[in-house]
Amino acid sequence: MLNVEGLTKQFGGLKAVDDVSFHVEPNTITAIIGPNGAGKSTLFNLIAGALPPTAGRIEFEGRDVTHAPAHEMARLGIARTFQTTHLFEEDTVLDNVIIGHRLRTRSGLWDAVVRSRRHRAEERECRERAYEALRFVGIESLADMPVRLISQEAKKRAAIALGLATQPKLLLLDEIAGGLNPEETQRVMGLIRKLVEHGYTVCFVEHKMHMVMSLADRIIVLHHGRKIAEGTPDEVRRNPDVIEAYLGGAAHAAGE
Amino acid sequence: MKPQVWRRAGVSLLLVLGLALPLVVSNGYYQQVIVLAYIWAIATYGMNIILGYTGLLSLGQAGFFGVGAYTAALLMLKLNWNFWPALLAALVVSLVLGYLVAIVSLRTRGHYFAIFTMAVGVILNLVIDRWNGLTNGEVGLVGVPGPGSIGPVSLDSDLGKYYVVYVFLVVAVWIAWSLRHSLPGRALLAIRNSEDLAEAIGTPVMRFKRLAFVLSTAFAGVAGALFAGYMGYLGPDVTSINMTFNMLLYLLIGGIGSIAGPLLGALIVSFLTQFLQIFQDYQMLIFGPVLVLLIIFFPGGLASVPRLIRRRRARDHAAAVAMAEAAAIEGSGSAKEGA
Amino acid sequence: MDEWGVAMTLLLQEILNGIVVGSIYSLVALGLTLVYGVMEIPNFAHGHLYMLGAYIAFFLLTSAHFSYWPALLGAVVVLVVVGLLVERLVFNPLRKAPQVNAMIASVGVMLFLEALAQAIWGPNYLQMPTPYGNVLHIGALSVTQQQLLVVVAAIVMMVLLNLFLKRTMIGAAIEAVAQHREGALLVGIPSGRIAMLTFAIASGLAALAAVLVTPINLLFPAMGTMVIMKAFVIIVLGGMGSIPGAILGGYILALAESIGGAYISTNYQDLIAFAVLVLILSIRPAGLFARRA
């Protein structure tokens with residue numbers, strides 16, 4: 001479904017992502033892990049089109065999307081969430097999520113000003129999609145609550161709902177369990193499993209190892225921008241390079 | 001159903017009030033204060049679209065007001081155009097110029113955008129102020145014709161002009177309202193909230209920013225043309241950056257991002273200035289600090305008062321929210337555990 | 001003198017004028033760029049602090065009968081205090097608010113200061129007295145003592161500022177924050193104190209520039225408006241937060257204006273700065289010397 005080949009991103013003299021290749025099969029969960037500063041977030045930004053790559057190629061469903069901008073990637077079916085959810089705290093959960101389906105609509109300013117039939121139909125459509133997404137992530141009853149009042153876990157769920165409202169095929173989740181306690185993390189893991197059961201493909205960046213090991217079908221390990229390992233949780237767990245990267249990184253940081 | 005009925009009744013009442021106002025306020029001087037407040041409110045609705053909805057501080061608004069005003073006035077004076085085609089031309093010119101400036105200025109970010117648009121505003125002001133051959137420089141233009149008459153109804157009377165400006169104000173509010181509650185408008189708000197997230201959910205950010213910018217310059221241009229036709233004379237001072245700062249003041253006092261804000265702010269500031277005659281020259285001694293205090297303690301302005309009251313009530317319900325949440329998530333969680 | 005000689009003299013005279021004006025631009029832009037670098041606020045009120053400095057000196061000279069140098073010192077001291085107040089009362093509370101809010105607040109401060117000056121001193125143009133009004137002749141060029149004073153004092157100030165930024169602990173901290181914001185964390189000086197000190201220095205420099213130049217120009221409440229807008233052009237030109245950029249940019253802009261004004265049109269002289277700004281940002285949207293992301 002997603003094919004990444006020789007992807008490289010250079011900032012000045014620093015290669016944040018260095019010649020990374022991998023692919024993601026449909027309807028699976030792929031985890032991207034690595035020590036801090038390994039280039040995980042940059043890799044996500046490249047795939048989502050938020051940053052242009054220096055070199056390499058990205059294919060999504062057989063189509064070359066290397067240079068497609070972020071809003072185009074969303075249209076093609078890639079949704080993402082951010083480490084901090086970026087939701088608008090003052091608005092209600094529903095108002096935050098409604099906009100998700102806008103990219104599948106065609107009404108412009110004129111339709112809005114004359115309240116055209118199309119505009120009204122599409123607004124209704126967006127609202128329904130938003131409710132559907134909220135129902136899926138389990139917070140439909142919070143639809144009318146302002147985001148600032150709901151818990152961290154509910155915000156993460158709302159962020160996923162916003163992504164779902166865009167009708168994606170692939171979801172990129174950036175540290176979706178960040179800031180959640182173990183119990184909440186367990187529940188969000190349940191939600192990710194539910195996503196895959198319903199035909200979505202998930203790719204996530206995460207620090208919480210138990211989450212990575214119990215959820216992922218495949219794991220990709222980055223270190224200093226390079227891919228040092230890839231495989232099933234069991235394979236990765238036993239890989240000496242991975243152990244070295246994590247321990248070596250820790251030793252290095254302690255030495256500073 | 002009920003709140004909707006109430007809202008409709010309220011809006012109708014306000015519309016009728018606006019229609020009846022010049023019949024009640026027969027004092028010509030106060031009528032003029034009101035009409036000028038309407039005109040600046042129209043321009044401020046434009047500023048609200050770019051600043052309030054989209055979150056971009058554009059400091060060239062008075063320059064575009066001047067472009068509209070001088071385009072209309074010069075077409076009428078030099079080429080003997082009628083008011084209405086001249087107004088249309090003012091709209092078109094401010095749209096086109098706005099689009100050109102949008103293409104370049106929106107490539108800059110954050111503070112650079114504010115500084116860039118400030119420079120554009122200053123350039124427009126300086127050109128209008130110095131190009132004696134065309135604009136008559138500091139002396140300005142006199143004898144600008146008004147809207148004329150439609151059939152037997154003269155619009156050049158005080159009453160006629162009031163209704164012309166009033167109709168434009170209503171249209172401006174309508175556009176602002178429909179935009180605010182439409183999908184394109186929500187896209188603008190999404191950009192203000194987080195450009196990264198807006199992009200990620202498929203919003204072509206640049207295209208929407210251009211839309212907002214061009215709308216704001218079009219509002220300013222039309223307001224300028226109305227100003228020229230209403231006053232009958234025109235000087236470069238209406239294009240100075242101080243006028244942009246005035247709009248900022250109206251917006252902040254009325255309520256940035258709100259529908260009522262620009263009109264509320266323009267009316268309140270205009271009337272306070274009139275009633276506090278002594279302060280007229282020194283009004284900024286009060287409004288300057290007011291601007292600072294508002295932005296620190298009360299960034300939502302007057303229009304946010306009802307929401308703040310609701311919010312206080314909402315805080316009491318926070319516990320209830322938490323319980324609803326726990327039940328909702330718990331429920332969905334157990335469903336998934338089974339799967 | 002032959003025709004070529006006249007042309008040469010004219011050019012040299014314009015260059016001299018450019019250097020005088022450039023000294024002032026640089027001092028104002030230095031303060032603006034320091035404040036921007038340290039606090040990421042484009043302070044629209046900075047030009048009005050400059051204006052206030054001139055009026056304070058005018059008051060000390062005419063009503064309190066100070067002589068020139070004590071008046072200058074007095075204006076700088078008053079403006080340092082005003083700068084500190086503005087930082088504490090207006091910008092400090094807005095540190096965590098969206099960028100736009102601090103900009104709007106600075107506009108509020110600006111409107112207030114202009115109205116204040118107008119309320120106290122009236123809207124008319126005033127002439128500031130100076131003991132250095134004599135004209136000196138260097139060959140065919142003429143220059144007033146005050147003009148020379150502007151250039152010399154500005155250069156002395158720049159050297160002193162440079163020593164302060166390079167040789168003192170807190171100065172180094174300010175420069176570190178101004179030029180690379182992340183570096184500040186390493187130095188371990190409270191950022192609140194750095195912000196206050198930066199504001200104090202910036203306001204003091206603005207007052208100094210104003211008292212130096214106002215005897216040449218005139219005094220009026222809106223005198224800060226054009227200065228601040230040009231200072232913005234300069235720091236965009238020189239890179240926002242860059243100290244050498246502000247100095248160089250100030251002189252370059254002033255020279256461009258005086259030469260351009262002489263040879264193209266004095267009527268549109270003020271336009272040059274803004275045309276340059278629009279041109280630069282059209283080609284390089286992040287400024288001439290964009291910091292790396």
Side-chain angles (χ1 to χ4, degrees), chain A residues 48-50 69-75 79-82 85-88 90-91 95-96 98-100 102-105 107-109 111-115 119 122-123 126 135-142 145-146 149-151 153-154 157 159 162-163 165-166 184 186-187 190-191 193-194 197, chain B residues 171 174-208 211-212 214-215 257 300 304 307 310-311 314-315 317-322 324-339:
Chain A
H71 61 86
E72 194 53 43
M73 296 303 276
R75 199 176 299 271
R80 74 179 295 199
T81 65
F82 294 85
T85 53
H86 286 352
L87 295 171
F88 185 37
E90 293 302 312
D91 255 350
D95 277 335
N96 266 282
I98 275 184
I99 183 68
R102 193 210 59 84
L103 81 171
R104 309 281 172 214
T105 66
S107 309
L109 175 66
D111 294 286
V113 172
V114 302
R115 313 254 94 198
H119 186 260
E122 289 184 342
E123 277 214 329
C126 285
R135 211 172 301 134
F136 188 95
V137 303
I139 55 169
E140 190 187 8
S141 57
L142 302 180
M145 300 297 170
L149 289 182
I150 67 178
S151 72
E153 181 192 359
R157 285 171 185 262
L162 176 56
T166 66
E184 292 168 332
Q186 276 302 325
R187 288 199 294 253
L191 177 57
R193 285 200 191 96
K194 182 178 174 189
E197 279 157 22
Chain B
V171 172
W174 173 248
I175 295 177
W177 188 87
S178 359
L179 183 63
R180 177 76 172 76
H181 295 92
S182 72
L183 294 169
R186 285 174 191 275
L188 298 183
L189 297 175
I191 291 171
R192 178 186 71 180
N193 176 44
S194 159
E195 273 188 39
D196 291 337
L197 180 59
E199 276 275 352
I201 55 170
T203 314
V205 167
M206 190 53 91
R207 200 191 311 157
F208 275 97
L211 173 73
V214 165
L215 275 175
S304 71
R307 212 189 52 208
R310 270 204 305 275
R311 183 170 168 166
R315 204 169 294 153
H317 290 306
V321 173
E325 184 177 294
I329 296 175
E330 215 70 71
S332 76
S334 61
K336 277 170 325 220
E337 293 307 316

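Computed over heavy atoms, backbone and side chain alike; hydrogens, waters and symmetry mates excluded. Protein chains get the first letters and strands the later ones, always in sequence-line order, with residue 1 at the start of each. As the structure is a computational prediction, the values presented were derived from the model and not from experiment.
Atom-to-atom distance recorded for N193(B):CG and D91(A):CG is 8.5 Å, nearest 0.5 angstrom. Between atom CG of residue L197(B) and atom CG of residue L87(A) there is a gap of 6.5 Å, rounded to the nearest 0.5 Å. To the nearest 0.5 Å, atom CG of residue L183(B) and atom CD1 of residue I98(A) are 8.0 Å apart.
Only the side chain of F82(A) comes within less than 4.5 Å of a heavy atom of chain B; its backbone N, CA, C and O stay farther away. D95(A) touches chain B through backbone and side chain together, each having a heavy atom under 4.5 Å away. With a threshold of 4.5 angstrom between heavy atoms, H86(A) approaches chain B through its backbone and through its side chain. Contacts of T81(A) with chain B are absent, with no heavy-atom separation under 4.5 Å from either backbone or side chain. Only the side chain of R115(A) comes within contact range of chain B, with at least one heavy atom under 4.5 Å from a heavy atom of that chain. Looking at L215(B), only its side chain comes within 4.5 Å of chain A, counting heavy atoms on both sides.
H181(B) and E123(A) get closest at one heavy-atom pair: O-OE2, 2.8 Å. Heavy atoms only, all atoms of each residue included: I99(A) and A190(B) are closest at CG1-CB, 4.4 Å.
In terms of non-hydrogen atom pairs under 4.5 Å with chain B, the most contact-rich of V113(A), L109(A), T105(A) is V113(A). The candidate with the highest count of non-hydrogen atom pairs below 4.5 Å against chain A, out of A198(B), A187(B), S182(B), is S182(B). Chain A forms the most heavy-atom pairs under 4.5 Å with one residue out of S194(B), P204(B), A200(B), and that residue is P204(B).
At most 12 heavy atoms of other shown residues, nucleotides or ligands fall within 6.0 angstrom of atom CZ in R207(B).
A distance-only check finds a donor-acceptor pair linking the side chain of R102(A) to the backbone of G202(B) [under 3.5 Å].
A 4.5 Å side-chain heavy-atom check between I201(B) and L103(A) finds every atom pair outside the cut-off.
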